[in-house]
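To start, the structure itself, in structure tokens.
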There are 2 protein chains.
Amino acid sequence: MDYSQLVQSPLFRGISSDEIEKVLTGTSKKFRKYKAGEFIAFSGEPVSSLMIVLYGVVKGEMVDYSGRVIKIEDIPAPGALASAFLFGSRTFFPVNVVAISDTELMIIEKSDFLKLLMNNDRILGNFLDMISNRSQFLSEKIKFLNFRTIKGKLAQYILHQTMNGRLSFNLGMTQADLADYFAVARPSIARALKELEDEGLIEASGKVINVLDRKSLAQLISD
Amino acid sequence: MDYSQLVQSPLFRGISSDEIEKVLTGTSKKFRKYKAGEFIAFSGEPVSSLMIVLYGVVKGEMVDYSGRVIKIEDIPAPGALASAFLFGSRTFFPVNVVAISDTELMIIEKSDFLKLLMNNDRILGNFLDMISNRSQFLSEKIKFLNFRTIKGKLAQYILHQTMNGRLSFNLGMTQADLADYFAVARPSIARALKELEDEGLIEASGKVINVLDRKSLAQLISD
DNA sequence: TTGATTTTGTAACATTTGTTACAATTTTTT
DNA sequence: AAAAAATTGTAACAAATGTTACAAAATCAA
């Protein structure tokens with residue numbers, strides 16, 4: 001087995017390829033492959049193991065009351081699945097997990113994984129970072145959803161995307177995807193973008209958004 | 001110092017009072033008191049230590065674009081603050097933290113806390129449970145916020161509160177609090193409750209909700 | 001390139017939610 | 001018990017969003 005790509009996995013960050021191999025050789029694990037579109041887990045199923053995406057991309061998604069599918073996030077290799085649901089009091093999948101592309105997973109049972117954590121400071125620290133990052137990701141998402149108006153959500157999103165001081169960025173997705181992400185209707189996204197543009201706060205050409213008036217955007221979400 | 005109440009803290013669950021005292025004696029820490037209403041931390045401030053509420057109650061809250069305060073959660077003693085923001089890549093407070101009642105906190109610096117984790121399997125397991133539970137809490141909240149209609153949010157909330165098979169439960173808060181929790185307007189909550197009642201799905205007397213038609217509630221959020 | 005497919009813009013209209021206001025009711029305080 | 005404060009019910013109207021539909025534009029595939 002070739003573990004070299006795992007050097008870039010959040011769980012093994014900072015650990016040499018040799019050491020990863022040594023650690024994993026002493027750990028029991030399984031491997032499983034999925035075709036694009038195949039369901040890996042269903043919402044409500046128990047989580048009894050840590051799953052690491054060796055290659056491919058998977059997504060988490062929810063279904064709302066009207067049947068609309070809401071994508072929660074993408075997890076590309078070499079990320080981990082369900083890491084925040086392996087411990088705690090509700091150890092079951094909160095979302096459906098679907099393979100976007102052909103995918104292979106490495107699966108380590110919880111008890112085996114606990115031994116790994118206790119025996120390796122580095123992996124422990126990495127795992128703490130990972131599940132903390134999940135909370136932080138969800139917390140950020142709640143910030144969007146808490147804004148009542150779509151313009152507010154967009155403003156928050158745009159400001160977040162340009163925190164680094166850039167004046168423009170590329171929506172890495174279609175308006176339909178963005179609408180799913182915000183849990184709103186697609187034409188409403190188009191309308192809100194147009195309004196922000198009409199008001200001179202942004203300039204949109206294709207999927208590239210130029211931020212023209214950062215102050216007014218900030219006011220939209222802090223007044 | 002009296003650590004007896006910490007036996008009930010999630011971080012020290014399953015550890016005897018004597019052992020808690022022994023462990024904490026060997027750990028450097030600070031104590032700090034806050035008056036009711038006082039701000040403990042502001043959104044965006046760095047998190048550099050674990051904070052445990054020794055007595056009192058604190059809350060986390062956000063401010064949306066229109067100035068409305070959205071309460072995220074209450075943390076009564078002997079809970080921990082900011083536990084999901086001590087590790088990971090964005091180690092700063094995601095919300096304002098305010099003392100609801102007079103409060104005392106025990107504060108342990110991150111580096112000291114790490115030693116604690118490495119030296120005590122039980123505390124490690126408890127901490128993993130705690131930060132995982134945070135993700136799970138946030139994930140549950142996102143489920144509410146993702147429903148577009150208020151009736152959908154309410155249905156999700158009511159079904160969640162009666163998962164255990166009970167037919168009734170007590171909203172432990174006012175309609176105004178519930179409105180904040182859902183990030184909607186207060187009269188809209190009253191209206192939605194009335195509609196659910198008119199349609200015969202629930203019966204509300206005061207803060208007690210009787211679930212009359214579980215199937216229709218489930219349909220509201222899955223059709 | 002050409003044709004097919006996806007994405008975007010936009011309009012008309014229905015529905016939902018927010019806002020404001022005030023009275024009725026309940027709860028808390030004195 | 002009486003008074004004060006908080007909570008709830010409700011109405012009228014404004015504003016925002018959803019729905020549906022279709023054409024224009026952009027992107028993708030053959």
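So you know, we letter chains A, B, ... as the sequences are listed, proteins then strands, and number each from 1. Quick note: numbers below take in every heavy atom, side chains included, and nothing from hydrogens, waters or symmetry partners.
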Testing the 3.5 Å rule here: is there a donor-acceptor pair between the side chains of B:Ser139 and A:Arg90?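 No donor-acceptor contact under 3.5 Å links the two side chains.
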Exercise: do A:Arg214 and A:Thr162 side chains pair donor with acceptor under 3.5 Å: yes
When the distance from [atom1] of [X] to [atom2] of [N] is rounded to whole Å, what number comes out?
X: B:Lys151; N: D:dG18; atom1: NZ; atom2: C1'; answer: 15 Å
X: B:Lys153; N: D:dT17; atom1: NZ; atom2: C1'; answer: 13 Å
X: B:Leu193; N: D:dG9; atom1: CG; atom2: C1'; answer: 11 Å
X: A:Ile189; N: D:dT19; atom1: CD1; atom2: P; answer: 14 Å
X: A:Arg191; N: C:dG9; atom1: CZ; atom2: P; answer: 13 Å
X: A:Leu178; N: D:dT17; atom1: CG; atom2: P; answer: 14 Å
X: B:Leu196; N: C:dT16; atom1: CG; atom2: P; answer: 12 Å
X: B:Met173; N: D:dT8; atom1: CE; atom2: C1'; answer: 16 Å

Determine the contact category for B:Lys194: base if any of its heavy atoms lies under 4.0 Å from a base atom, sugar-phosphate if only primed atoms, P, OP1 or OP2 are that close, otherwise nothing.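 Sugar-phosphate, no base atom in range.
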Any side-chain N or O of B:Gln175 less than 4.0 Å from the OP1 or OP2 oxygen of D:dG9? yes
Any B:Ser188 side-chain nitrogen or oxygen under 4.0 Å from OP1 or OP2 of C:dG18: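 For B:Ser188, the contact criterion (side-chain N or O under 4.0 Å from OP1 or OP2 of C:dG18) is met.
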Just jot down the side-chain contact (heavy atoms from CB on, under 4.5 Å) partners of [X], sequence neighbours excluded, or say none.
X: B:Ala36; result: B:Asp102
X: A:Asn170; result: A:Lys207, A:Val208
X: B:Ser216; result: B:Leu201, B:Asp213
X: A:Ser135; result: B:Ala84, B:Arg134, B:Ser135, B:Leu138

Could you work out, with side chain to side chain donor-acceptor pair (under 3.5 Å) as the rule, every residue matching A:Asn126, not counting sequence neighbours? none
Tell me every residue that passes side chain to side chain donor-acceptor pair (under 3.5 Å) with B:Ser49, counting only those two or more places apart in sequence or in another chain. none
Heavy-atom closest pair, residues A:Ile150 and A:Ser188: CD1-CB, 3.4 Å
If you only use heavy atoms from C-beta on, which nucleotide in [options] is closest to the side chain of [X]?
X: A:Thr174; options: C:dT7, D:dT17, D:dA21; answer: C:dT7
X: A:Pro187; options: D:dG18, C:dA11, D:dA11; answer: C:dA11
X: B:Ile150; options: C:dT19, C:dT17, C:dA12; answer: C:dT17
X: B:Arg148; options: D:dG18, C:dG9, D:dA16; answer: D:dG18

What is the per-nucleotide protein-contact pattern of nucleotides 22-30 of chain C, from the 5' end, where B denotes a base atom under 4.0 Å from a protein heavy atom, S denotes such proximity for sugar-phosphate atoms only, and - denotes neither? ---------
Just to verify, what does A:Glu195 make a salt bridge (Lys or Arg N to Asp or Glu O under 4.0 Å) with, not counting sequence neighbours?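 For A:Glu195 the salt bridge (Lys or Arg N to Asp or Glu O under 4.0 Å) partners, ignoring immediate neighbours, are A:Lys151.
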Taking five pairs at each end, how big is the angle between the two axes of the helix from C:dT1-D:dA30 to C:dT30-D:dA1, to 10°?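 So the angle between the two local helix axes works out to 60°.
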